[in-house]
Structure formats: C-alpha cells, structure tokens
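Working notes, structure below.
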Amino acid sequence: MSTSTFGGHVNTALSKFADGRRRRRVHSDEFKAEAVAACLHPGVSIAAVAMAHGVNANLLRRWVKASESGTSVSTLATRPTVCATASFVPLQLPPSAAAPAPEIHIELRRGATAISVTWPSGAAAECAAWMRELLR
C-alpha cells in the first residue's frame with residue numbers, strides 16, 4: 001500500500017488487488033476537511049484546489065456541497081447514490097406557439113440585374129434545382 005502526504009495529512013491510500021488492478025483511493029477525514037476549507041476562501045477555484053490536492057474536481061464539489069448542507073464528508077459514498085424509489089414521471093407540455101416555417105432567402109446579382117427569392121425550406125431540393133438551372 002502506498003500513501004502520500006499533503007499539508008501533513010495523509011491524503012490517499014491506494015492499494016492493489018492481487019492481480020495488479022488498482023482500487024479506489026480512500027481519503028482521510030482530515031484531508032477532506034482541509035480540501036473543503038481551502039475551497040471556502042473568497043475567489044478560490046474548486047478546480048484549482050482539486051488539482052492541488054490531486055483529486056477530481058467533481059468529487060471535491062460533492063464534499064463542499066455536503067459540508068454546506070451539514071452532512072459529514074466522511075459519510076459520503078465515493079459514488080453517487082441513486083434513489084430506489086425514483087421513477088419516470090411523464091409531463092404534459094403545453095403546445096408551443098406555431099412558429100412560422102423557416103424560409104430560404106436568396107439574393108443574386110448578375111451585372112445590373114438583382115433577384116431576391118424567398119423559398120419555403122421544406123422544398124429545399126426544388127430550390128437547389130431551380131438555382132442550378134438559373135445559374136447555367
């Protein structure tokens with residue numbers, strides 16, 4: 001097992017399985033408290049503190065949020081929990097105001113002649129065919 005220190009506190013313990021695969025790091029309560037405290041200073045970026053402490057910024061944000069809500073950071077799971085009672089709730093959305101269909105606007109100038117065309121976007125293929133014939 002290897003450990004590294006940051007600011008006098010043990011920050012992680014990383015162990016390996018017998019087959020050489022790495023396991024999830026375990027952070028001490030002191031390390032978590034120190035990292036959260038560093039985030040509470042005005043003008044400090046959570047991402048910068050996370051990089052300085054060698055942890056993922058999303059994990060540190062979770063620790064800060066838990067600290068702000070009064071939850072002990074030591075009781076947080078390392079993975080987000082999913083509520084077992086959550087289920088899909090369909091919502092009936094009001095019909096949106098029918099926006100006018102988008103149109104294709106083309107302005108052509110050839111010599112002294114200028115042409116301005118407005119074409120429905122639903123017939124874009126026909127507009128392209130017309131343009132090919134016109135520009136021959």
Side-chain angles (χ1 to χ4, degrees):
M1 181 185 314
S2 66
T3 60
S4 60
T5 59
F6 184 89
H9 298 289
V10 174
N11 76 355
T12 62
L14 183 63
S15 60
K16 293 188 176 188
F17 290 106
D19 63 358
R21 292 183 294 145
R22 290 175 26 171
R23 278 189 38 192
R24 183 177 300 274
R25 293 185 296 173
V26 178
H27 303 280
S28 68
D29 292 342
E30 295 84 17
F31 174 76
K32 292 176 185 179
E34 179 182 308
V36 168
C39 292
L40 300 179
H41 296 286
V44 174
S45 162
I46 291 179
V49 173
M51 284 178 55
H53 285 77
V55 296
N56 184 286
N58 292 326
L59 178 62
L60 183 54
R61 280 187 191 92
R62 195 176 329 149
W63 294 346
V64 169
K65 188 175 180 180
S67 173
E68 290 171 348
S69 70
T71 306
S72 169
V73 291
S74 64
T75 61
L76 286 176
T78 55
R79 291 186 179 169
T81 57
V82 177
C83 180
T85 60
S87 61
F88 176 74
V89 178
L91 297 176
Q92 183 67 30
L93 298 176
S96 63
E103 296 177 327
I104 301 170
H105 298 283
I106 301 170
E107 289 187 28
L108 297 172
R109 296 181 200 277
R110 189 178 263 180
T113 306
I115 299 173
S116 180
V117 178
T118 301
W119 203 287
S121 62
E126 291 84 356
C127 179
W130 179 80
M131 290 289 298
R132 278 191 297 275
E133 290 297 318
L134 179 68
L135 295 174
R136 281 186 172 189

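Just the heavy atoms: all of them, side chains too, but no hydrogens, waters or symmetry mates, feed the values below. We're numbering straight along the sequence, starting at 1. Remember, predicted model here, so these are calculated numbers, not experimental data.
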- If two hydrophobic side chains count as joined below 4.5 Å and joins carry through other members, does Val36 share a cluster with Val44? yes
So ring pair (Phe, Tyr, Trp, His ring centres under 6.0 Å) across residues 115-136, not counting sequence neighbours, yields Trp119-Trp130
Here the gap from His27 atom NE2 to Leu60 atom CG, rounded to the nearest 0.5 Å, amounts to 10.0 Å
Taken in chain and number order and not counting sequence neighbours, the residues that satisfy side chain to side chain donor-acceptor pair (under 3.5 Å) with Ser121 are none
Sorted by chain and number, sequence neighbours left out, side chain to side chain contact (heavy atoms under 4.5 Å, CB included) with Met131 holds for Ile106, Leu108, Cys127, Leu135
Residue set satisfying side chain to side chain donor-acceptor pair (under 3.5 Å) with His41, at least two apart, ordered chain then number -> none
In terms of heavy-atom contacts, Ile46 and Ala57 come closest through CG2-O, 4.1 Å
Across all chains, not counting sequence neighbours, the side chain to side chain contact (heavy atoms under 4.5 Å, CB included) partners of Glu133 are Arg136
Discussion item. Under the criterion side chain to side chain contact (heavy atoms under 4.5 Å, CB included), I'd like the reasoning laid out for Glu34 against His53: C-alpha separation, chi angles, the key distance, then a yes or no.
Written reply: CA-CA 9 Å; Glu34 179 182 308; His53 285 77; 3.6 Å; yes
Nearest heavy-atom approach of Ile104 to Pro120 is CD1-O, 4.2 Å
Hits for side chain to side chain donor-acceptor pair (under 3.5 Å) against Thr118, two or more places apart or cross-chain, chain-then-number order -> His105
Residues at least two apart in sequence or cross-chain that pass side chain to side chain donor-acceptor pair (under 3.5 Å) with Asn58, listed by chain then number, are Arg61
The salt bridge (Lys or Arg N to Asp or Glu O under 4.0 Å) partners of Glu68 (sequence neighbours excluded) come to none
Salt bridge (Lys or Arg N to Asp or Glu O under 4.0 Å) filter on Arg109, not counting sequence neighbours, yields Glu107
